[in-house]
There are 2 protein chains.
Amino acid sequence: MDLQLPPTLRQLRVACSQCNLMELCLPVGLSEEDVARIEALIGNRRKLKRHQALYEVRSPFQALYAIRAGSFKTTIVLEDGREQVTGFQMTGELLGLDGISTGQHVVSAIALEDSEVCVIEYTRLEALAREIQGLQAQFHKVLSREIVREQSVMMLLGTMRAEERLAAFLLNLAQRFAARGFSGTEFRLRMTREEIGSYLGLKLETVSRTLSHFQEEGLIEVQHKNIRLRDRERLRGLIQAPLSH
Amino acid sequence: MDLQLPPTLRQLRVACSQCNLMELCLPVGLSEEDVARIEALIGNRRKLKRHQALYEVRSPFQALYAIRAGSFKTTIVLEDGREQVTGFQMTGELLGLDGISTGQHVVSAIALEDSEVCVIEYTRLEALAREIQGLQAQFHKVLSREIVREQSVMMLLGTMRAEERLAAFLLNLAQRFAARGFSGTEFRLRMTREEIGSYLGLKLETVSRTLSHFQEEGLIEVQHKNIRLRDRERLRGLIQAPLSH
DNA sequence: CGGACCGTTGATTCAGTTCAAGTCATGTGG
DNA sequence: CCACATGACTTGAACTGAATCAACGGTCCG
């Protein structure tokens with residue numbers, strides 16, 4: 001995920017107040033003064049190479065991570081080894097919320113490309129949230145938003161057919177790219193067909209076939225990992241009005 | 001869900017400190033003094049008849065609800081009318097977390113039987129959480145636990161076969177009944193086959209067939225809504241070791 | 001440049017859905 | 001308090017969407 005800034009500028013963005021993700025991240029709707037205090041909270045950064053784990057299942061929970069650059073997947077594993085992707089995260093989104101409950105992570109977070117995160121030590125976040133009402137409110141909203149997101153995935157997995165799932169997935173990605181100032185009609189998938197399938201409860205062959213099918217129908221153009229949405233309305237229609245029954 | 005207390009006693013339990021759900025609810029691990037302050041927070045109660053909505057989709061979010069007696073389902077609806085159950089809640093569990101994100105509820109909460117909830121006004125909860133660290137910590141854990149629960153439902157819907165889903169569902173119910181001091185081997189389902197199916201991404205016929213199949217196998221006894229677990233270990237084994245592949 | 005991974009496409013199989021018919025339970029109004 | 005209607009559940013038979021198995025082409029990376 002290119003930040004579309006020259007490298008020199010990239011070096012300079014060291015603080016939340018200068019981060020172009022500010023409106024996506026925690027310090028939203030806060031006074032300058034409060035943002036300054038949050039900057040102090042957000043200590044160091046961490047860089048990760050593609051396929052590297054930010055944290056693993058069962059590792060102790062200590063911090064949340066705001067994605068500064070790159071993207072991640074979170075995966076959960078069953079005793080018998082079956083694995084499922086529970087989410088894809090991109091810049092400005094928060095990772096680690098699953099660890100608060102038990103003090104141990106229940107998913108692993110893996111970088112889909114070379115990435116960088118801001119480390120937010122959790123005890124310090126809680127302390128600051130007690131002092132800055134706006135931060136508390138924002139944090140609660142982030143937690144609740146994750147609950148809501150997962151509920152819509154449950155809907156997707158529970159009641160949608162393969163085509164609808166893929167359509168919903170593509171539209172969601174597009175919307176998130178657009179929210180970050182990238183094109184919402186042309187983008188590059190960071191994940192494999194298998195990872196998409198795992199997230200959507202489908203096999204990779206079904207993902208591949210369905211994308212091909214969308215292409216035949218003129219809904220999208222697929223070239224490897226590059227996607228272009230050609231008929232967003234019909235794509236949206238797929239979700240709301242299933243073919244039959 | 002009978003509280004197993006004579007009616008007279010039931011009248012008397014008016015405060016958190018005397019509520020037998022205390023260890024399941026918000027005031028966990030707090031000093032007596034703090035519990036007293038939380039009692040003040042928890043204003044009135046609300047009684048609901050079977051099938052009555054505690055709140056509906058799109059209704060404004062103002063409060064969380066702790067279930068004092070009875071049980072609920074939460075459902076999300078698609079534009080085309082398709083509906084899915086996203087969770088079943090029983091005594092001591094919190095309802096309404098979905099509303100924090102946008103200020104509007106994204107699910108409806110419907111009583112499965114005559115029920116009663118404690119109303120927790122959200123702005124007051126946030127204010128108190130800023131003052132009482134233990135309450136803040138507990139609240140965050142509750143939010144995170146819901147995120148984790150939904151992730152395991154995603155796993156269930158995404159990668160499990162019908163038998164595994166049902167087995168996981170029954171074991172989860174059993175464990176929650178047991179945590180509340182009821183029998184974990186013999187209990188009554190509060191929801192219909194259709195509601196179970198909706199939650200598990202199955203049709204009601206499949207739920208019915210699978211339960212019958214479990215019975216033939218000697219895993220459970222089913223009589224209408226009454227379930228008895230006869231071989232918990234083999235039931236658990238179903239989840240961890242799928243038949244083939 | 002070679003090998004591993006990733007993706008596409010086809011043929012076949014199968015788990016779960018759909019359609020259907022009938023039983024049983026519940027509760028409501030006369 | 002009974003009668004009847006309605007909703008809940010079960011079971012069977014046929015159907016189907018997605019999985020599985022398989023073979024092959026493309027691409028990326030060391």
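Note: hydrogens, waters and symmetry copies are ignored here, and every other heavy atom, side chains too, is used. Because the structure is predicted, anything quoted here is derived from the model rather than measured. Chain A is the first sequence line, chain B the second, and so forth, proteins listed ahead of strands; every chain is numbered from 1.
Remark: B:S212, B:K225 in residues 212-232 of chain B come within less than 4.0 Å of DNA chain D through at least one heavy atom.
Separating the CG atom of B:L166 from the C1' atom of D:dT10 is a distance of 14 Å, rounded to the nearest angstrom. Protein atom CG of B:L211 is 16 Å distant from nucleotide atom P of D:dA8, rounded to whole Å. When the P atom of D:dG17 is taken as reference, atom CG of A:L157 falls 19 Å away, rounded to whole Å. As a whole-Å value, the separation of A:E194 CD from D:dA19 P is 13 Å. Protein atom CZ of A:R193 is 15 Å distant from nucleotide atom C1' of D:dC28, rounded to whole Å. Atom CZ of B:R82 and atom P of C:dT17 are 14 Å apart (whole Å). For B:L238 and C:dA15, the CG to C1' distance is 15 Å, given to the nearest whole Å. Taking atom CG of residue B:L200 and atom P of nucleotide C:dG16, one finds them 12 Å apart after rounding to whole Å.
A:G201 comes within 4.0 angstrom of the backbone, heavy atoms only, and of no base. Looking at heavy-atom distances under 4.0 Å, B:T206 makes contact with a base. A:L202 comes within 4.0 angstrom of the backbone, heavy atoms only, and of no base.
For B:R161, the listed nucleotide lying nearest its side chain is C:dG16; candidates were D:dC29, C:dG16, D:dA8. Side-chain proximity of A:E205 to the nucleotides D:dC9, D:dC21, D:dA18 is greatest for D:dC21. Here D:dT20 is the nucleotide among D:dT20, C:dC19, D:dT10 with the atom lying nearest to any side-chain atom of A:R209. Closest approach to the A:K203 side chain among D:dA19, D:dC9, C:dG27 is made by D:dA19 (side chain taken as heavy atoms from C-beta onward). Listed nucleotides D:dT20, D:dT10, C:dG16 differ in distance to B:L204; the shortest reach to its side chain belongs to D:dT10.
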Between B:S71 and B:R190, does a side chain to side chain donor-acceptor pair (under 3.5 Å) hold up when you go through it step by step?
CA-CA 8 Å; B:S71 50; B:R190 262 73 194 188; 4.8 Å; no
Apply side chain to side chain contact (heavy atoms under 4.5 Å, CB included) to B:L156 and B:F169, showing your working.
CA-CA 9 Å; B:L156 185 143; B:F169 174 72; 5.7 Å; no
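In this model, no donor atom of one side chain and acceptor atom of the other lie less than 3.5 Å apart for A:T75 and A:S108. Checking A:T74 against A:Q89 by side-chain atom types alone, a donor-acceptor pair falls below 3.5 Å. The closest side-chain donor-acceptor pair between B:T159 and A:R82, if any, does not fall under 3.5 angstrom.
Classified by interplanar angle (parallel below 30°, tilted 30° to 60°, perpendicular above 60°), the ring pair A:F182/A:F177 is perpendicular.
When each of B:M191 and A:M160 is assigned the nucleotide of DNA chain D bearing its nearest heavy atom, the one mapping closer to the 5' terminus is B:M191.
Atom CZ of B:R149 has more than 12 heavy atoms from other residues, nucleotides or ligands within 6.0 Å.
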